[in-house]
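Numbers restart at 1 for each chain; the letters A, B, ... are given by sequence-line order, proteins then strands.
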Amino acid sequence: MAEFDLSANFIPSLHKPSSLLPIARHRQNLLYLIETYPVTIVVGQTGSGKTTQIPQYLEQAGWCSDGKVIAVTQPRRVAATTVAIRVAEEVGCKVGEEVGYSIRFEDVTSAATRIKFLTDGLLLREALVDPLLSRYSVIMVDEAHERSLSTDVLLGVLKKILKKRPNDLRIIISSATLQAEDFLRFFTGDTDLKSKPTDSDAMTLDDLITQASTGAGKSAVSGTIINLEGRMYPVDVLYSESSVEDYIEKAVQTVFDIHTKEPDGDILVFLTGREEIDTAVQAISERAANLHPRAQGLMALPLCAGLSTEQQMYVFEEAPENTRKVIFSTNIAEASVTIDGIVYVVDSGFVKLRAFNPLTGIETLTATPVSKASATQRAGRAGRTKPGKCYRLYTEASFQSLEETTVPEIQRSNLAPVILQLKALGIDNIVRFDFLTSPPAELIIRALELLYSLGALDDYAKLTKPLGTRMAELAVEPMMAKTLLSAPSFNCLSEILTIAAMTSLGGNIWVQPDGEKKSMESPRRKFAVEEGDQLTLLNVYQAFITKGKKEGRFCHDNYINFKAMTRAVSIRAQLKRYLERFGMKVEETLSSNANKQPLAVGGPDKAEQIRRCLTAGFFAHAAKMQPDGTFRNVAGGTILHAHPSSLMFNRKADWVIFHEVMETGNKTFIRDVTKIEKGWLVEYAAGYYKIQ
DNA sequence: GAGCACTGC
């Protein structure tokens, strides 16, 4: 699995003396523009030094006087920590002094911190406490072109804040060229803006100023775009001459073509998922055996989020003597992970994308053609260290027919958590909220309906007190938040806290050792609880707390992911602190039950209370088992399958609730499934099921 | 009897 602590190992080779970075010669321009304009869009490639240098320039120019802080947001935790470590090194301080970072569970900042790197999700949460983000003089939103859910929400919130702090707040957006003008237009409100990204080398300062004032006429906010650097090395793009039937096979052939005909350099192949990657890696290994014994060897390696950290590290190691490395990767290598030494990229043209269907409430995960922006980004991965080549396994005509950019997450996600968060920030009219791109109305309606049925919103779509405001504060999805807040009345808060923490891990609890599949089931069965997966998870956690933390072999012997369990402990502790702040008392029940047989849950009454409590939060995720072992949702239209990782995969049940539902391939799977009684649905969600 | 791209509070 791609854990949060993939650690500094990925980045250090980018380290350049800061005076040599191309950004250094733009220093005066940058400072002038940021001083003059409330909003500055910075266009620059990875490696241009924008993330590390701009905050330092600003600090040296006095933007941190009066105790103010410069914030730099990142979409990912690893980036926030590694960049902070590097900048602290350059500044010559320890991380947490002048330069610090803050991510969930790790606040490495102090009163002395002037430059603070943090995830955009965390900055949004800070806005709950400090709505104008008043401690920051400059907020830089890095990697904004990735358009993650929280980046988009943050941009909307920042636009609002800027109207209230027009003189003392500066916003910097770092973006790829393609989207720079969209960002500027969003903040300046000028739809007729015709400016092109500025190459500040070719322009005088006066030109820049003139350019920047374009569009200042109609709105209160003015802004500018500054271009820091072009492409690093040229990449030749080659297209397939005819359409490709089987891109895995074609990818394997292309790899061999490159290997036999092209000069040295490693190969990166983009496929969509683990199964494809395994197939391709195996095909290479088999056919590489047929290469001439004295020819250069070919070593195939997989890279995807499902692998353990150790398994992922192989792709960073240098290939053995006289061997070329070929990495088959998912989209993880497009932005999250950077591998040096790649000279050839092979692009299947597909990516698996998540989408939420507002009509059914079901998430889908489907292989989809990439966007032009994505294909360009993939090609760029070949030109990081020297000129490279990109082989697209589709025709040029197909490329021309691709969408310009990937549909941003905010237009294809379940918006219930976003809306809850916006409401908590005092933004009541969601439809009129200024999104960079508005989500479809159906998504908003579906989310409002769910929040209403959970009791987080009243008849006027206002946040309820205290239920709605508390749900917004908890760092779990709305249904789980409701479950947690209901737990005291079912007398099972301690257990639900554990279940909430365990389900937030999203299926990372078990490790799959290389090459072993069958042995997985029996250790897992050891923790099985008849009533379902949530109670089984509770059981695993309790066993971990009592045995696994001390005995090193416990996790290994039981195929349990130690790091995931450690994270569950942190999440649980954090949720517990929230609940205690709400005045709820958490009576820890663990110790009294730890030695009971069967394992788990303190007797039948307690188990039933837990299942009832889960029903109070997850009633919208209810289903009934059919004689053939599949499930139907309450409306009856959708066939649901228990996921093979679920206990209910091969057991009998009547009614169940589930934590998650997702459509992949042609099947819809439910995960984390627990048996309930039909009557409970009516008892805890009468309104919801009468409407249907 | 069969499997989830990637983030984040």
Side-chain angles (χ1 to χ4, degrees), chain A residues 1-4 6 73-80 102-107 118-128 143 146-154 270-278 303-307 329-337 348 350-355 363-368 370 374 406 409 412-413 417-418 420-421 424 471-478 480-481 500-501 504-508 510 512 517-518 520-521 567 570-571 574-575 578 628-630 641-646 648-651 660-665 667-671:
Chain A
M1 48 180 283
E3 269 287 272
F4 39 89
L6 277 181
T73 72
Q74 297 290 330
R76 282 173 291 278
R77 298 163 52 101
V78 216
S102 192
I103 58 178
R104 189 182 187 184
F105 305 129
E106 270 181 85
D107 182 12
L118 73 175
T119 51
D120 34 26
L122 199 60
L123 186 63
L124 267 176
R125 295 195 80 83
E126 284 189 8
L128 281 177
E143 315 289 358
E146 287 186 23
R147 303 292 305 273
S148 78
L149 202 49
S150 38
T151 301
D152 267 24
V153 176
L154 179 63
F270 285 101
L271 298 175
T272 74
R274 186 166 189 170
E275 202 181 324
E276 291 181 5
I277 288 168
D278 288 344
L303 176 64
C304 65
L307 300 176
S329 171
T330 63
N331 222 32
I332 192 173
E334 191 180 302
S336 311
V337 170
S348 67
F350 285 87
V351 61
K352 272 189 191 167
L353 280 185
R354 234 169 22 179
E363 257 186 341
T364 57
L365 186 69
T366 328
T368 317
V370 295
S374 192
T406 309
E409 275 183 358
R412 53 184 165 89
S413 300
V418 170
L420 195 57
Q421 194 168 32
M471 281 175 64
E473 276 193 60
L474 287 167
V476 289
E477 339 85 287
M480 188 51 93
S504 332
L505 296 174
N508 284 335
W510 308 98
Q512 192 167 346
K517 278 201 172 171
K518 286 194 174 165
M520 280 296 291
E521 283 312 313
R567 188 168 168 81
S570 302
I571 295 174
Q574 189 187 44
L575 293 173
Y578 278 117
D628 66 358
T630 65
H641 300 264
H643 191 274
S645 67
S646 169
M648 292 306 151
F649 182 71
N650 49 15
R651 289 183 200 215
E660 196 182 56
V661 53
M662 185 173 270
E663 184 189 325
T664 60
K667 274 190 175 177
T668 306
F669 290 99
I670 54 178
R671 290 175 69 105

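- Proximity note for Glu660(A) (side chain, C-beta onward) versus dG1(B), dC4(B), dG8(B): the nearest is dC4(B).
- Candidate nucleotides dA5(B), dG3(B), dC9(B) were compared by shortest atom distance to the side chain of Leu122(A), and dC9(B) ranks first.
- Every side-chain contact (heavy atoms from CB on, under 4.5 Å) that Ala472(A) has, sequence neighbours left out, goes to Leu420(A), Ala424(A).
- With dA2(B), dC9(B), dC6(B) as the choices, the nucleotide that has an atom nearest any side-chain atom of Ile103(A) turns out to be dC9(B).
- The closest side-chain donor-acceptor pair between Thr151(A) and Glu143(A), if any, does not fall under 3.5 angstrom.
- Which of dC6(B), dA2(B), dC9(B) sits closest to the side chain of Cys304(A) comes down to dC6(B).
- Listed candidates were dA2(B), dC9(B), dG8(B). Nearest to the side chain of Arg76(A) is dG8(B).
- Rounding to whole angstrom units, CD of residue Glu143(A) and P of dG8(B) are separated by 13 Å.
- Here Ser148(A) lies out of heavy-atom contact (under 4.0 Å) with every strand.
- Side-chain N/O atoms of His643(A) include one lying less than 4.0 angstrom from OP1 or OP2 on dC4(B).
- Between the P atom of dG8(B) and the CG atom of Leu124(A) lies a distance of 14 Å, rounded to the nearest Å.
- Checking dA2(B), dC6(B), dC9(B) against every side-chain atom of Ala475(A), the shortest atom distance belongs to dC9(B).
- Qualifying ring pair (Phe, Tyr, Trp, His ring centres under 6.0 Å) partners for Phe350(A), counting only residues two or more places apart in sequence or in other chains: Tyr247(A).
- Checked against Thr73(A) for a side chain to side chain contact (heavy atoms under 4.5 Å, CB included), the options Leu118(A), Thr119(A), Leu122(A) give a single hit: Leu118(A).
- In this structure, His641(A) and Phe669(A) have tilted ring planes: the angle between them lies in the 30° to 60° band.
- Atom CG in Leu365(A) sits about 14 Å away from atom P in dT7(B), given to the nearest Å.
- Taking atom CZ on Phe669(A) and atom P on dG1(B), their separation rounds to 14 Å, with Å as the unit.
- Checked against dC9(B), dC6(B), dC4(B), the side chain of Arg354(A) finds its nearest nucleotide in dC6(B).
- The side chain of Glu409(A) lies closest to dC6(B), out of dG1(B), dC6(B), dC4(B).
- Here the side chain of Phe649(A) is nearest to one of dG1(B), dG8(B), dG3(B), namely dG1(B).
- We find that CZ of Arg567(A) is positioned 8 Å from P of dG8(B), with the value rounded to whole Å.
- Candidate nucleotides dC6(B), dC4(B), dA2(B) were compared by shortest atom distance to the side chain of Met662(A), and dC4(B) ranks first.
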